[in-house]
Amino acid sequence: MTTKPVIVYGASGYTGRLICEYLREYNVPFIAAGRSKDKLTEALERHVAGVETADFDIHEVEHSLDSLTELFSGASVVLNTVGPFSKWGPVVVEAALASGVHYTDTTGEQDWLITCDEQYGADFAAKGLLLSPGLAQMYTTGEIAAQICLETPGLDTLDIAVFWGGSPTIASTQTILVNAATSRAHYLEQNRYVEFDPAQGLVPLVVPGQHELAQSLPWGGTSHPVWFKRDPRVANVKAQGGVFNAALMNGVPQIVAGALEATKDMNEADRDAALEQTAAQVMNTMPPRENARINKSLDSVHASGPLGRAHCVIHGNQNYKQTGLLQAFAAQWLIQQPPLRTGFASGCQAFGHRELLGQLRAFGLVADPVLTVQA
Ligand SMILES: NC(=O)c1ccc[n+]([C@@H]2O[C@H](COP(=O)([O-])OP(=O)(O)OC[C@H]3O[C@@H](n4cnc5c(N)ncnc54)[C@H](OP(=O)(O)O)[C@@H]3O)[C@@H](O)[C@H]2O)c1
């Protein structure tokens with residue numbers, strides 16, 4: 001049983017450290033939890049700026065339902081960064097439910113969102129708890145842009161682009177590869193999931209702010225179709241995205257196709273191990289701390305309806321910092337008051353898109369949205 005209100009699970013990772021950094025800035029006491037006390041201590045002491053003035057404890061914990069339930073009991077919220085979430089997430093969600101704490105994570109995996117929505121959402125709602133997977137730059141910043149468009153009534157279709165610049169972390173690379181190779185990507189058409197054609201390949205996109213066409217992929221389908229599936233205003237959602245680095249984008253379909261071919265006859269455990277190995281060949285070191293001049297984000301949403309259109313663009317920087325901040329703000333909120341919605345909910349549904357935008361703006365991580373409306 002813990003005496004601090006917030007647990008950061010996976011605090012030794014790149015994103016976990018940034019969450020701790022922002023929890024300190026919000027003055028929120030927390031437990032930095034993970035599978036290795038040594039790694040947690042090193043991560044907190046060497047990589048969390050100002051940690052000597054934070055109110056926190058370190059807790060090594062086994063990745064099991066019993067151990068996590070015991071750790072979470074007495075807390076208000078767990079912020080989970082241990083991905084790929086379709087693989088490691090269920091036990092953490094079940095422990096949050098058993099111990100009666102709100103749950104958020106940093107996933108961008110569409111299949112994990114669908115699992116949370118369809119399998120666990122009602123149980124969280126019944127207990128008055130929030131289940132908010134995917135509170136992260138990908139795709140909350142784009143969701144904020146979509147919600148700003150939807151402030152104009154009468155729009156029902158969202159066409160979304162999301163791009164970022166910089167290096168993915170070890171777990172992000174694993175997540176991107178495992179997710180691309182093992183799960184289907186969906187868009188929303190008249191409120192039903194429709195599968196992207198797996199053979200679709202790269203699609204060149206016109207994106208705001210540059211002359212060169214960007215190369216895009218469905219990127220696993222993204223979280224947006226799941227978040228908007230039960231939004232009465234919205235019927236159609238399609239998202240495409242990737243990294244600004246076109247050479248890297250050109251290589252992604254080949255890497256995924258090669259990994260699929262090499263693992264097609266393997267059982268699940270061998271396949272996962274082989275995919276992790278391929279991911280490690282792409283990225284096996286902790287990327288450097290982000291730099292606003294290098295690590296950029298772009299979220300662009302065209303919303304349309306029978307007689308109206310809106311376009312919102314959010315230029316931002318330091319995607320992982322945006323994620324750390326969003327998670328820390330959620331904790332700051334949830335230890336003081338209930339979310340706007342319980343059960344399965346996106347960041348914007350739980351905390352309000354204008355509020356989340358305000359936090360990102362206040363910490364210098366996104367520019368003022370550029371909005372064009374014709375209605
Ligand atoms: N949607 C977004 O915008 C966004 C943004 C940031 C992150 N993410 C996602 O969040 C996840 C974490 O990213 P990251 O950047 O923090 O990666 P990372 O630096 O590689 O950190 C991964 C963390 O998970 C822990 N972990 C890994 N396997 C574990 C296991 N089997 N049991 C217990 N703990 C385990 C690691 O612990 P050790 O230190 O002990 O290895 C570490 O704390 C990834 O899935 C990534 O895709 C998404």
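What you see is a predicted model, and the numbers here were worked out from it, not measured in a lab.
Under the 4.0 Å criterion applied to side-chain N and carboxylate O atoms, Asp55 and Arg24 are not assigned as salt-bridge partners. A salt bridge does not link Lys37 to Glu42: none of the charged nitrogens lies less than 4.0 Å from a carboxylate oxygen. Ion pairing of Arg289 with Glu21 is present here, as a side-chain N (NZ or NE/NH1/NH2) and a carboxylate O approach within less than 4.0 Å. Looking at Lys296 and Glu290, no side-chain N of the basic residue comes within less than 4.0 Å of a carboxylate O on the acidic one, giving no salt bridge.
Checking side-chain atoms of Asn295 against main-chain N and O of Asn291 turns up a donor-acceptor pair under 3.5 Å. Although no hydrogens or angles enter the test, the distance criterion places no donor-acceptor pair under 3.5 Å between the side chain of Tyr120 and the main chain of Phe344. Checking side-chain atoms of Thr175 against main-chain N and O of Gly83 turns up no donor-acceptor pair under 3.5 Å. Side chain of Thr278 to backbone of Ala274: a donor-acceptor contact under 3.5 angstrom is found. Under a 3.5 Å cut-off, the side chain of Gln336 and the backbone N or O of Gln332 do form a donor-acceptor pair. Side chain of Thr115 to backbone of Asp111: a donor-acceptor contact under 3.5 angstrom is found. A donor-acceptor contact shorter than 3.5 Å is absent between the side chain of Asp270 and the backbone of Met266. When atom types are taken as modelled, the side chain of Gln349 and the backbone of Trp227 share a donor-acceptor pair closer than 3.5 angstrom. Put simply, the side chain of Gln110 gets close to the backbone of Gly221: a donor and an acceptor are under 3.5 Å apart. Between the side chain of Gln327 and the backbone N or O of Leu135, at least one donor-acceptor pair lies under 3.5 Å.
Separation of the Tyr187 and Phe196 ring centroids falls under the 6.0 Å cut-off.
In this structure, a donor-acceptor pair under 3.5 Å is absent between the side chains of Gln318 and Gln322. For the 3.5 Å distance criterion, the side chains of Arg233 and Gln147 qualify, holding a donor opposite an acceptor. For the residue pair Trp112/Asp105, the side-chain donor-acceptor check at 3.5 Å is satisfied. Side-chain contact check for Ser86 and Glu109: at least one donor-acceptor pair (N or O, by modelled atom type) lies under 3.5 Å. With no hydrogens or angles considered, no side-chain donor-acceptor pair links His102 and Ser76 at under 3.5 Å.
Interatomic distance, Arg46 CZ to Thr41 OG1, rounded to the nearest 0.5 Å: 12.5 Å. Interatomic distance, Cys348 SG to Ile144 CD1, rounded to the nearest 0.5 Å: 5.0 Å. Rounding to the nearest 0.5 Å gives a distance of 10.5 Å between OG1 of Thr342 and CG of Leu340. The line from OG1 of Thr173 to CG of Leu275 is 13.0 Å long, rounded to the nearest 0.5 Å.
The aromatic rings of Phe363 and Tyr26 are tilted relative to each other, their planes meeting at an angle between 30° and 60°. Ring-plane geometry between Phe351 and Phe329 is classed as perpendicular, the angle between the planes exceeding 60 degrees on a 0 to 90 degree scale with a lower cut at 30.
The two residues His59 and Leu40 have their closest heavy-atom pair at O-CD1, 3.7 Å. Between Leu23 and Ala331 the shortest heavy-atom distance is CD2-CB, 3.8 Å. Nearest heavy atoms, Ala54 versus Phe30: CB-CE2, 4.2 Å. Between Tyr9 and Gly34, the closest heavy-atom pair is CE1-CA, 4.1 Å.
Both Phe124 and Ile7 belong to a common hydrophobic cluster when Ile, Leu, Val, Met, Phe, Trp and Tyr are linked at side-chain heavy-atom distances under 4.5 angstrom. Tyr14 and Leu325 sit in two unconnected hydrophobic clusters of ILVMFWY residues. Membership requires side-chain heavy atoms under 4.5 Å apart, directly or through other members. Hydrophobic clustering, with ILVMFWY side chains joined whenever heavy atoms are under 4.5 angstrom apart, keeps Phe72 apart from Ile335. At a threshold of 4.5 Å between side-chain heavy atoms, the hydrophobic network of Ile, Leu, Val, Met, Phe, Trp and Tyr places Leu79 and Val92 in two separate groups. Residues Leu326 and Val82 do not share a hydrophobic cluster, defined by chaining ILVMFWY side chains whose heavy atoms lie under 4.5 Å apart.
Under a cutoff of 6.0 Å and an axis angle of 45°, Lys229 and Tyr193 form a cation-pi pair.
When side chains are defined from C-beta on, Pro369 counts as touching Leu357, because their heavy atoms get closer than 4.5 Å. Residues Pro198 and Arg184 form no side-chain contact, since every pair of their non-hydrogen atoms from C-beta on lies 4.5 Å or further apart. Trp219 has its side chain out of reach of Val162: every pair of non-hydrogen atoms, C-beta onward, lies at least 4.5 Å apart.
Paired with Lys127 under the rule side chain to side chain contact (heavy atoms under 4.5 Å, CB included), one option of Asp123, Leu129, Leu131 passes, and it is Leu129.
In this structure, Val203 shares a hydrophobic cluster with Phe163, Leu205, Val207, Phe244, Leu298, Val313, Val370, the cluster being traced through Ile, Leu, Val, Met, Phe, Trp and Tyr side chains under 4.5 angstrom apart.
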